[in-house]
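What follows is a set of notes on a single structure, which appears directly below.
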Amino acid sequence: MANPQEIAELRRQLAAALRLAERFDLHEGVCNHFSVRIPGDAELYLINPMGLHWSEITASRLLMVDGAGTLLAGDGVVEPTAFFIHTEGHKARPDALAIFHTHMPYATALTCVEDGRLLFTHQNALRFWDRVTYDDAYNGLAMDAEEGARISTGANGGDIVFLAHHGVVVHGRTVAEAFHDLYYLERSCQVQVLAASTGKPVREVPRDVAVHTARQFAELAEKESALHFAALERVLARDTPYYGD
């Protein structure tokens with residue numbers, strides 16, 4: 001199991017990600033959920049508790065649960081669909097330290113139209129070239145491990161998964177990378193929806209240029225995401241310094 005200092009840092013980062021997601025309207029009510037897998041051999045997770053608005057989240061209010069759903073630290077319960085989506089997701093993607101699930105508006109809009117796909121129409125969308133998969137089967141709420149596993153297995157290793165009639169799942173090697181992708185995914189979807197709303201044909205970036213640019217983004221991803229998240233945390237600390245408590 002990670003040492004207490006490492007866990008405290010992960011708590012602070014996850015609390016920051018939830019607070020920032022609320023600021024950018026990437027959340028929905030108290031329904032969505034973010035998780036972090038605590039490094040080590042044990043199956044342990046940090047996750048936001050059911051019923052808290054994300055503007056209320058602090059590091060200490062996050063729950064720690066094991067793979068069986070046993071509450072090990074914190075006050076509250078894990079929302080059932082959150083437990084199954086995240087525990088099965090982390091099993092399927094052991095490389096993903098952080099998994100974020102949201103119903104953010106523009107990305108979710110693409111899950112609600114026929115053949116809804118992220119189009120590579122803008123530079124930001126090229127961050128996700130060859131990283132996106134789609135689960136086109138909607139089976140209702142993920143209220144058991146079987147449905148959680150179906151969603152996770154259907155991701156086929158994609159960092160970004162669009163869930164039909166539902167929302168998106170983002171996998172990240174760090175909290176910063178997951179939030180960076182979440183932010184730019186919604187911005188990419190927003191630009192696509194706005195471009196389509198003009199009624200004019202949407203033009204995509206030529207494939208060879210898309211591949212080249214995606215490779216450039218991949219080389220920058222670790223550093224860029226860390227700088228982005230650090231900058232946003234400075235803003236958050238200025239306005240709500242108690243989020244890390």
For R173, does the CZ atom sit with more than 12 other heavy atoms under 6.0 Å from it, leaving out its own atoms?
no
Please check: side-chain N/O of T240 versus main-chain N/O of Y242, any donor-acceptor pairing under 3.5 Å?
no
Does any donor atom in the side chain of H101 or H86 lie under 3.5 Å from an acceptor atom in the other side chain?
no
L232 side chain near F179 side chain, heavy-atom distance below 4.5 Å
yes
Run the salt-bridge test on E22 and R19 with the 4.0 Å N-O cut-off and return the result as yes or no.
no
Could you check if a side-chain atom of M64 sits within less than 4.5 angstrom of a side-chain atom of I38, using non-hydrogen atoms only?
yes
Does G89 offer a backbone N or O that forms a donor-acceptor pair with the side chain of S152 under 3.5 Å?
yes
Starting at CD of E88, measure out to CG of D144 and round the result to the nearest 0.5 Å.
9.5 Å
Could you pull out the closest heavy-atom pair between G244 and A59, with the gap in Å?
O-CB, 3.5 Å
Quick check: are there more than 12 heavy atoms from other residues, nucleotides or ligands sitting under 6.0 Å from CG of D75?
no
Is the distance between the ring centroids of F34 and W54 under 6.0 Å?
yes
Do the charged groups of D245 and R61 touch, with an N to O distance under 4.0 Å?
no
Nearest atoms (heavy-atom pairs only) where A145 meets F84:
N-CD2, 3.3 Å
Do the side chain of R127 and the main chain of D181 share a donor and acceptor less than 3.5 angstrom apart?
no
Taking CD in E222 as the centre, count heavy atoms belonging to other residues, nucleotides or ligands within less than 6.0 Å. Is the count above 12?
no
Any chance you could lay out the side chain to side chain contact (heavy atoms under 4.5 Å, CB included) test for L20 and F229, step after step, and finish with the verdict?
CA-CA 9 Å; L20 290 166; F229 195 68; 3.9 Å; yes
Answer yes or no: are there more than 12 heavy-atom neighbours, outside H212 itself, under 6.0 Å from its atom NE2?
no
Check: H171 and I160 side chains under 4.5 Å, non-hydrogen atoms:
no
Say whether H27 and T102, considering side chains only, have a donor N or O and an acceptor N or O under 3.5 Å apart.
no
Over 12 non-hydrogen atoms of neighbours within 6.0 angstrom of CD in E204:
yes
Can you list the residues that meet the ring pair (Phe, Tyr, Trp, His ring centres under 6.0 Å) rule with H228, with sequence neighbours excluded?
H180, Y183, Y184
Looking only at heavy atoms, which two atoms of S188 and F128 are closest? And how far apart?
OG-CE1, 3.9 Å
Atom pair CG/NE2 of L97 and H90 - distance to nearest 0.5 Å
7.5 Å
Any sub-3.5 Å donor-acceptor pair from Q192's side-chain atoms to R187's backbone N or O?
no
I want to check something: taking the side chain as every heavy atom from C-beta on, are L163 and V168 in contact at a cut-off of under 4.5 Å?
no
What is the distance from atom CD1 of I47 to atom CD1 of I85, rounded to the nearest 0.5 Å?
9.0 Å
Got L62 and L10 here, is their nearest side-chain heavy-atom distance under 4.5 Å?
no
Derivation of the side chain to side chain contact (heavy atoms under 4.5 Å, CB included) call for F162 and L185
CA-CA 11 Å; F162 284 80; L185 178 65; 3.9 Å; yes
Any sub-3.5 Å donor-acceptor pair from R93's side-chain atoms to G158's backbone N or O?
yes
With rounding to the nearest 0.5 Å, note down the distance linking CD in E224 to CG in L227.
8.0 Å
Quick check: do D66 and E43 have side-chain heavy atoms less than 4.5 Å from each other?
no
How long is the gap from CG on L110 to CG on D115, to the nearest 0.5 Å?
12.0 Å
Tell me if a side-chain donor or acceptor on T174 pairs with a main-chain N or O of E177 at a distance below 3.5 Å.
yes
Could you tell me whether E28 atom CD has more than 12 heavy atoms of other residues or ligands within 6.0 Å of it?
yes
Under the criterion salt bridge (Lys or Arg N to Asp or Glu O under 4.0 Å), I'd like the reasoning laid out for D136 against R117: C-alpha separation, chi angles, the key distance, then a yes or no.
CA-CA 11 Å; D136 291 324; R117 296 291 187 263; 2.8 Å; yes
I'd like to know whether CG of L72 has more than 12 heavy-atom contacts from other residues, nucleotides or ligands below 6.0 angstrom.
yes
Within this structure, what is the CG-NE2 distance for the pair L63 and H33, rounded to the nearest 0.5 Å?
12.5 Å
Between L182 and M104 the two heavy atoms that sit nearest each other are O-CE, 3.5 Å
Please name the pair of heavy atoms, one in V36 and one in A98, separated by the smallest distance, quoted to 0.1 Å.
CG2-CB, 4.3 Å
With a 3.5 Å distance limit and no angle check, can you tell me whether N139 reaches the backbone of I151 through a side-chain donor-acceptor pair?
no
Please tell me if the side chains of L52 and I57 come closer than 4.5 Å, counting only heavy atoms from C-beta onward.
yes
Is there a donor-acceptor contact under 3.5 Å linking the side chains of Q190 and E186?
no
Do S197 side-chain atoms and L194 backbone N/O form a donor-acceptor pair below 3.5 Å?
yes
For the pair T111 (side chain) and T108 (backbone), establish whether a donor and an acceptor sit closer than 3.5 Å, ignoring hydrogens and angles.
yes
So which atom in N124 and which in H122 form the shortest heavy-atom distance, rounded to 0.1 Å?
N-ND1, 3.0 Å
